[in-house]
K.L.:
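The structure follows.
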Amino acid sequence: MSGLGITYGRGGATNTLDDLQNSDCILFEGSNMAEAHPVGFRHPMLAKEQRGAKLIHVDPRFTRTSAMCDIYAPIRPGTDIAFLGGLINYVLENERYFEEYVVNYTNASTLVSEDYSDLDASGIFVGYDPETGEYDQNAWRYEGMPVTPAVGGSEGAITSEAFSEMVGEYRDEGSFPHDETLQHPRSVFQILRRHFARYTPEVVEQVTGCPKEALLEVAETICDNSGREKTTALCYSVGWTQHSKGAQVIRAAAILQLLLGNIGRPGGGIMALRGHATIQGSTDIATLYNVLPGYVAMPDANKTHDTWEDYVATEAAHTGWWANFRAYATAIMKAWYGESATHENGYLFEHFPRLNGDHSYYPTIMEMKDGVVKGCFVFGQNFAVGGPHARMARDGLRNLDFLVVLDAYPIETAEAWKSDGADPAECGTEVFFMPSALVAEKDGTFTQTQRLVQWHDRSVEPPDDARSDAWFVYHLGRRLKELHRGSGDSRDALINAMTWDYTTEGEREEPDLEDVLREINGYHVETGEPLEDFLDIQEDGSTACGAWIYSGVFAHGVNQARRRKTGEYPHTEWGWAWPGNRRILYNRASADPDGKPWSEEKKLVWWDEEQGKWVGYDIPDFQATKDPTYRPDLEARGLDALPGNGPFIINADGKGWLFAPAGLKDGPLPAHYEPLESPVRNLLHDQQYDPMVRTYQRPDNPYNAPEDPNYPYVITTYRLTEHHTTGAMSRWIPWLNELQPESFCEISPVLAGEKGIENREWVTISTSRGKIHTRALVTDRIPVYEFEDRKLHTVGLPYHYGPNGPSDLAKADIANDLMPVSLEANVSIHEAKAFTCNLERGRL
Amino acid sequence: MSETPLESAESRNGHAGSTGTGGEARAETSHHPETDPERGDKNYYGIPPIKRAHWTWQIPVYFWIGGIGAGVQLFATVAQLLGHRDEDLKRVSRYTVLATMILSPVLLIWDLGRPERFLNMLRILKLRSPMSTQSWALSVFGTFSGLVATRQAAEDGLLGQNSLSRLARSLIPDRLLTVLALPFGLWVGSNTGTLLAATSVPIWARNWALMGPTFLASGLSTALSLLSLVLHLGHLGEEKTHRVLRRAEKGTLLAEAVLLAASLVRMGRWGKPLFSKEVAPLFVGGSLVGGVVAPFALLLGKETRNKSLLASVLVLLGGLALRFSMILGGRKSADDPEATFTFARGENAPRPGDKV
Amino acid sequence: MATGFLTDTTVCIGCKACEVACKQWNQLPADGYEFTGDSYDNTKQLSGTTWRHVAFVENPKKKRLTGDVDLVALAEDVKEQLPGGAELDALGRWTFMSDVCKHCVEAPCQQACPTGAIIRNEFDNVFIQPDVCNGCGYCVPACPYGVITSVPHDGRAFKCTLCYDRQKEDLEPACAKACPTDSIMFGEVEELQRIADERVERLHAKGYTEAYLYGTPEVGGTGGIGGNHSKFILLDEPETYNLPAHPFLPQDKVGGAAVTSAVAAAALGALLAYAFRD
Ligand SMILES: Nc1nc2c(c(=O)[nH]1)N[C@H]1C(S)=C(S)[C@@H](COP(=O)(O)OP(=O)(O)OC[C@H]3O[C@@H](n4cnc5c(=O)[nH]c(N)nc54)[C@H](O)[C@@H]3O)O[C@H]1N2
Ligand SMILES: Nc1nc2c(c(=O)[nH]1)N[C@H]1C(S)=C(S)[C@@H](COP(=O)(O)OP(=O)(O)OC[C@H]3O[C@@H](n4cnc5c(=O)[nH]c(N)nc54)[C@H](O)[C@@H]3O)O[C@H]1N2
Ligand code: SF4
Ligand code: SF4
Ligand code: SF4
Ligand code: SF4
Ligand code: SF4
Ligand SMILES: [Mo]
């Protein structure tokens with residue numbers, strides 16, 4: 001979620017779901033909230049019913065969310081930056097921004113170096129190096145910042161951590177050059193104005209296909225509902241992320257919300273609506289290959305990470321939270337390796353694995369297919385259906401030596417050895433299929449959309465041989481340790497050192513997950529006393545902590561995640577939210593620069609002069625006793641280097657970044673590009689698609705060229721309320737399956753008419769990767785977009801179906817067999833929301 | 001001026017693949033009941049708003065047989081009351097009624113989802129539930145006719161010469177029971193029609209006033225035909241009986257024809273299912289022509305035994321056809337959303353504020 | 001105390017949670033797997049094994065439920081200036097309606113039932129006692145709303161119990177409990193009527209003058225039925241949701257039919273007597 005991370009400091013949703021009840025207006029874009037988060041959608045409905053909030057949906061399809069909204073604006077898939085650019089332009093040109101907020105809390109007044117020049121018609125920002133095909137982000141730096149050589153080999157670009165570093169150095173030279181009148185031509189504000197000036201309503205209409213009246217209506221409505229007295233919230237989900245420029249779409253939204261002054265305030269914010277129940281938790285506690293728990297950077301062979309000291313010195317920042325990097329990293333090592341990890345032996349860092357390349361999901365799949373990766377453990381994923389170019393994934397699975405799948409259902413991923421007409425006799429993969437327990441059958445926590453950690457108790461024992469994932473991993477680890485006991489091999493040092501002492505319970509010896517949560521919370525090594533919060537974490541190895549951001553979840557030895565007290569807004573005694581149980585991030589921004597609430601109705605936290613601290617309904621996301629008038633001196637480090645009017649405490653300057661001087665690989669500001677595969681040309685720039693998108697040129701992964709007449713339609717894939725993701729958890733449930741029993745695609749009556757397709761008829765959808773058969777649902781809910789006198793048709797395709805399942809009808813083709821593998825530059829996400837295809841009547 | 005999206009949508013809302021004046025094809029969607037002409041004016045994807053009765057063949061057959069029982073009872077009772085003493089007629093009627101009263105519950109129970117719970121029908125009596133009164137009437141009628149038939153059997157020596165037989169002969173007041181059974185028999189005969197009328201199925205409910213009478217008349221005509229058939233075949237019965245039967249048959253057929261015609265008028269547009277492809281052969285061919293017009297014509301001309309036999313068979317089959325066509329017509333009616341909706345808005349339906 | 005439902009279609013998001021919750025609580029089987037092509041409705045109707053059913057009505061020509069901005073009208077005005085010329089057909093209304101047994105005040109199904117299986121329980125809900133029902137199926141065509149249905153292979157009739165078992169335990173019905181937007185409200189009938197009046201008034205004030213309450217003695221619960229204990233706030237004509245506008249109590253005809261039948265019996269008797277005359 002680097003779009004939010006770069007702008008505000010953290011990638012998480014800024015507000016809480018129930019806080020949407022306080023909104024005066026909610027813009028849903030890139031999210032079909034009513035369908036994908038129906039229970040959470042209760043809150044927007046309450047806002048609408050109880051305070052007359054305006055709901056807006058911007059989506060290529062008219063969905064159940066659109067049906068609930070006051071305004072529906074249709075846009076062609078993949079054109080959100082143009083739409084949001086139109087909104088930003090409207091706000092700037094009509095001076096509808098929240099001036100005091102913008103001047104104080106954003107980097108609007110900061111000057112950018114002369115190296116930067118406005119984006120021109122080429123669509124390529126300054127700093128582009130045709131040799132490497134990458135940007136030198138030095139060209140985007142603030143005025144007066146020293147030029148830093150690009151750090152690290154593999155990344156080749158300035159990370160945001162490195163940026164903090166630069167700010168630190170830079171501070172030594174004096175104060176930020178800035179212009180509070182916002183008039184300086186190189187001020188971020190003026191750069192922004194010029195950058196977005198081209199997104200006029202007319203242009204937006206041409207690019208997005210959305211009538212400009214609708215755009216203006218949306219613009220008016222959100223502006224009317226933002227400012228001192230009112231707040232507008234924005235909800236997005238994978239309708240925004242799954243694009244070749246996903247992070248930049250979210251950047252555009254983040255900029256808009258900063259301009260309108262909606263961040264850090266009740267009823268405002270950006271809700272990144274998460275997917276799987278604990279998808280937030282699984283990124284926090286590190287399923288990503290390139291971070292350790294709590295987003296601590298993974299040691300990397302291509303960075304200056306040769307020794308522990310190198311590693312810590314490279315990654316620690318001078319200002320902001322990451323100044324404590326050493327403490328967080330040390331605490332992880334102490335949690336994992338206990339007594340064996342000491343300052344003297346560099347916390348066993350020499351044995352620690354290093355990244356040596358991209359080991360994210362997609363490259364790994366390709367390496368499976370290419371025979372590099374030999375074995376695979378699959379816990380709770382069904383990528384044979386849900387991964388892009390799913391056929392390639394199944395080919396990869398068939399090429400493994402061994403495959404271990406823990407799942408509750410016979411999912412397609414476990415059965416690739418006999419699918420696609422493959423001859424099982426030819427398939428050399430040894431498959432271990434282990435029955436897994438499901439959520440109600442085990443203890444544990446969920447961390448949901450709003451970073452809220454909630455404990456759940458098991459309500460029934462798992463049936464038969466089914467066991468929890470924790471059981472599997474714990475006992476696997478235990479056996480591995482036994483196997484390696486006494487080995488003097490250097491490569492076995494870590495497994496021997498690993499602390500693996502969770503208590504187990506019952507006949508089945510399920511590990512006690514509260515033990516694990518205690519370790520994640522952290523404790524004093526000497527006494528075993530739990531840490532109260534991450535401020536307790538020490539650099540000297542006297543504390544251990546599994547994930548610093550979760551520190552406090554077991555404060556006072558009490559499982560805080562188990563709390564279920566509904567109290568007053570914002571319900572701080574229900575579960576526990578990271579960081580430090582704060583519910584609304586950057587909430588210092590709910591008060592004006594002097595620390596007074598912007599308005600009585602929208603007050604959240606404020607500066608109490610008498611007590612000399614921040615007080616309010618929420619836990620301040622700010623140093624509790626930092627006076628609003630505080631300004632750092634040159635020596636200040638860490639959080640002390642941030643001013644009393646800088647609510648964005650993770651960012652090195654405490655400001656929200658309208659302009660991102662570093663951190664994003666594809667530009668300091670969002671610009672409209674067409675999707676990698678598009679039936680039309682980019683009207684705004686010569687550059688057709690995001691220049692930084694990562695493609696894989698291989699024979700089994702061809703791309704449809706832009707404007708290829710053989711693939712004239714745009715597919716967008718999505719979810720239905722009735723099913724869950726790859727259908728693995730819903731296709732087997734008759735009650736859900738009867739509600740949407742069969743795979744289908746949604747097309748407009750116009751396209752159906754052109755092709756002679758009747759409702760319910762079979763159609764064939766094809767791309768250069770593959771083809772599928774499915775049925776047509778002909779509906780007016782799929783708009784037809786006009787583009788330069790052409791009609792552009794959208795094919796809507798739910799991706800829940802596959803060949804396995806209890807009902808014959810469910811034996812469907814797999815939507816993702818159509819998709820290419822391509823990766824967004826910053827967060828490596830596929831482009832499931834817009835790619836091109838052909839569609840014909842019948843089963844061809 | 002270019003067309004508005006509204007108009008253009010309308011002009012394009014034709015058949016799949018057809019090209020409108022706008023020059024672009026537009027397929028039919030199955031949605032929006034409001035706007036899709038293919039789907040009729042107002043309904044929900046053509047899904048019936050009410051549920052049809054699940055009844056299978058046993059029910060129309062039961063209606064038919066029950067009607068016969070009622071008709072025979074009526075004829076026999078009138079004969080008895082008028083002092084017409086034809087032992088053959090008496091015997092045949094009593095055994096016929098018994099037979100119908102044995103078959104009827106068998107068919108009814110057969111059709112029950114839980115046959116073992118037939119007795120639950122007699123847990124309570126509900127005057128407003130035709131099914132309840134039907135069950136009770138059937139039970140009483142069945143019991144009485146059973147007793148009467150027992151007496152008859154005893155008299156006919158079928159029970160042997162034992163005390164039981166004697167007891168039956170001395171204790172069963174057959175003539176009284178015959179008269180007492182009549183109202184219950186008539187209830188069974190007409191109630192089969194009322195039972196249909198007291199539902200939400202437009203074709204039946206609309207004709208509520210005439211369903212009972214029509215079923216009763218048809219029951220009588222089939223009963224008279226059956227009696228005449230049996231007497232003819234068995235070379236039984238007095239001459240007068242045959243004469244009366246013949247006259248009564250003609251009169252009843254006439255009454256039935258009038259009632260059917262009145263019913264059709266009364267059903268109005270909701271009677272359409274009777275003339276649908278599937279039902280018309282049965283209804284028009286079977287019950288109207290085959291069951292009323294043809295036998296009536298046969299009976300009008302010079303009397304011959306064969307003609308009479310043929311007429312009786314036709315009337316019987318016609319009566320069966322009528323029951324089947326009513327049930328099938330009811331199905332179609334229930335399946336037709338327009339029928340239900342117009343009926344529940346029609347001038348016969350209660351208006352808001354009406355006191356019914 | 002009478003309990004019932006108020007189902008407000010204007011806040012229903014069509015999530016079908018109610019439909020699934022009902023099946024789960026009552027352990028009802030799936031009705032089969034048919035892709036109907038009828039919007040997102042693949043279960044089509046209430047049945048003996050579907051006691052809540054969510055209808056999907058796509059109505060692109062209707063002014064949208066919540067739209068203060070009528071984009072269709074807007075589009076008409078600006079069609080000529082629309083270079084993008086997006087087709088605006090899709091900007092209509094999509095409404096969802098969670099249907100259920102109406103729990104009629106004078107319930108036709110109950111009146112029809114010969115066994116007394118259908119009763120009004122202590123909550124004044126229309127309840128089928130499954131151990132009494134003998135599967136005669138007579139209640140089925142009696143119901144003017146197509147609710148009660150006999151289940152194949154079992155023969156008995158089933159429908160919403162208004163979660164009698166849950167109410168006895170002071171729990172709200174499963175469907176209402178599951179509904180995320182409180183589109184389904186459960187409670188005392190009088191209280192619900194009050195809420196309904198309020199809501200309808202509020203909708204009128206917002207400009208949705210077409211909003212009305214279905215299930216009153218004026219609409220829906222008409223013709224001797226005397227109203228329904230489960231009511232609905234609707235925006236379109238009842239037929240759009242597959243509901244009859246002015247249904248009636250079929251049993252009201254029974255008395256009249258008895259009279260006409262008696263007259264007919266007498267007439268036929270006379271006819272026979274006449275035939276006997278020599
Ligand atoms: N019932 C149900 N709920 C779920 C899930 C499920 O499978 N079923 N999955 C969960 C998971 S894992 C996730 S990640 C979330 C996802 O939640 P969502 O992101 O809301 O789900 P999607 O349906 O994938 O996509 C959302 C919308 O994006 C629209 N869209 C497509 N392309 C574009 C575009 O270019 N611009 C804009 N503005 N919109 C576009 C689609 O039309 C769709 O309506 O849902 C979670 N909730
Ligand atoms: N075309 C297209 N493709 C997409 C998307 C899209 O919008 N369009 N969305 C993407 C997104 S956002 C997501 S999140 C992915 C989802 O893709 P996946 O995560 O691959 O799909 P799921 O079906 O959610 O798989 C979860 C599996 O976990 C199993 N499971 C459930 N609980 C447990 C448990 O406790 N333990 C274990 N071991 N297993 C368990 C389930 O049975 C199921 O098989 O799909 C992605 N793919
Ligand atoms: S599935 Fe669970 S997480 Fe998703 S909306 Fe429903 S209740 Fe919430
Ligand atoms: S709606 Fe039908 S099933 Fe429900 S109480 Fe009324 S008549 Fe009976
Ligand atoms: S089927 Fe059962 S509930 Fe319905 S009328 Fe017959 S006995 Fe009563
Ligand atoms: S009240 Fe109970 S039985 Fe009736 S629909 Fe709701 S969940 Fe089903
Ligand atoms: S649960 Fe509520 S919102 Fe969802 S479909 Fe049912 S009535 Fe509508
Ligand atoms: Mo997801």
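Since this is a predicted model, take the numbers as computed values, not measurements.
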K.L.:
Chain C heavy atoms under 4.5 Å from B:Arg123: which part of the residue, side chain, backbone, both or neither?
P.N.:
side chain
K.L.:
Is there a donor-acceptor pair under 3.5 Å between the side chain of B:Arg114 and the backbone N or O of C:Gly135?
P.N.:
no
K.L.:
Starting at CG of C:Leu272, measure out to OG1 of B:Thr252 and round the result to the nearest 0.5 Å.
P.N.:
5.5 Å
K.L.:
Is C:Cys139 in contact with chain B via its backbone, its side chain, both, or neither, using a 4.5 Å heavy-atom distance?
P.N.:
neither
K.L.:
Which of the residues C:Gly137, C:Ala112, C:Pro108 is involved in the greatest number of heavy-atom pairs with chain B at under 4.5 angstrom?
P.N.:
C:Ala112
K.L.:
Where on B:Leu82 is there a heavy atom nearer than 4.5 Å to chain C: the side chain, the backbone, both, or neither?
P.N.:
side chain
K.L.:
Can you say whether the rings of C:Phe248 and B:Phe343 are parallel (under 30°), tilted (30 to 60°) or perpendicular (over 60°)?
P.N.:
perpendicular
K.L.:
Can you say whether B:Ala79 sits under 4.5 Å from chain C via the side chain, the backbone, both, or neither, judging by heavy atoms?
P.N.:
both
K.L.:
Do you know which of C:Pro114, C:Gly255, C:Gly155, C:Ser47 has the most heavy-atom pairs with chain B at a distance under 4.5 angstrom?
P.N.:
C:Pro114
K.L.:
Counting heavy-atom pairs under 4.5 Å to chain B, which of C:Val263, C:Thr216, C:Thr149, C:Val259 comes out on top?
P.N.:
C:Thr149
K.L.:
Using 0.5 Å steps for rounding, measure from the CG atom of B:Leu220 to the CG atom of C:Leu271.
P.N.:
7.5 Å
K.L.:
Pick one of side chain, backbone, both or neither for B:Lys250, based on which atoms fall under 4.5 Å of a heavy atom in chain C.
P.N.:
neither
K.L.:
With only heavy atoms counted, which part of B:Ala334 is less than 4.5 Å from chain C, the side chain, the backbone, both or neither?
P.N.:
neither
K.L.:
Given heavy-atom pairs under 4.5 angstrom as the criterion, report whether the side chain, backbone, both or neither of B:Leu186 touches chain C.
P.N.:
side chain
K.L.:
Which region of C:Ala245, side chain (C-beta onward) or backbone (N, CA, C, O), has a non-hydrogen atom less than 4.5 Å from a non-hydrogen atom of chain B, or is it both or neither?
P.N.:
both
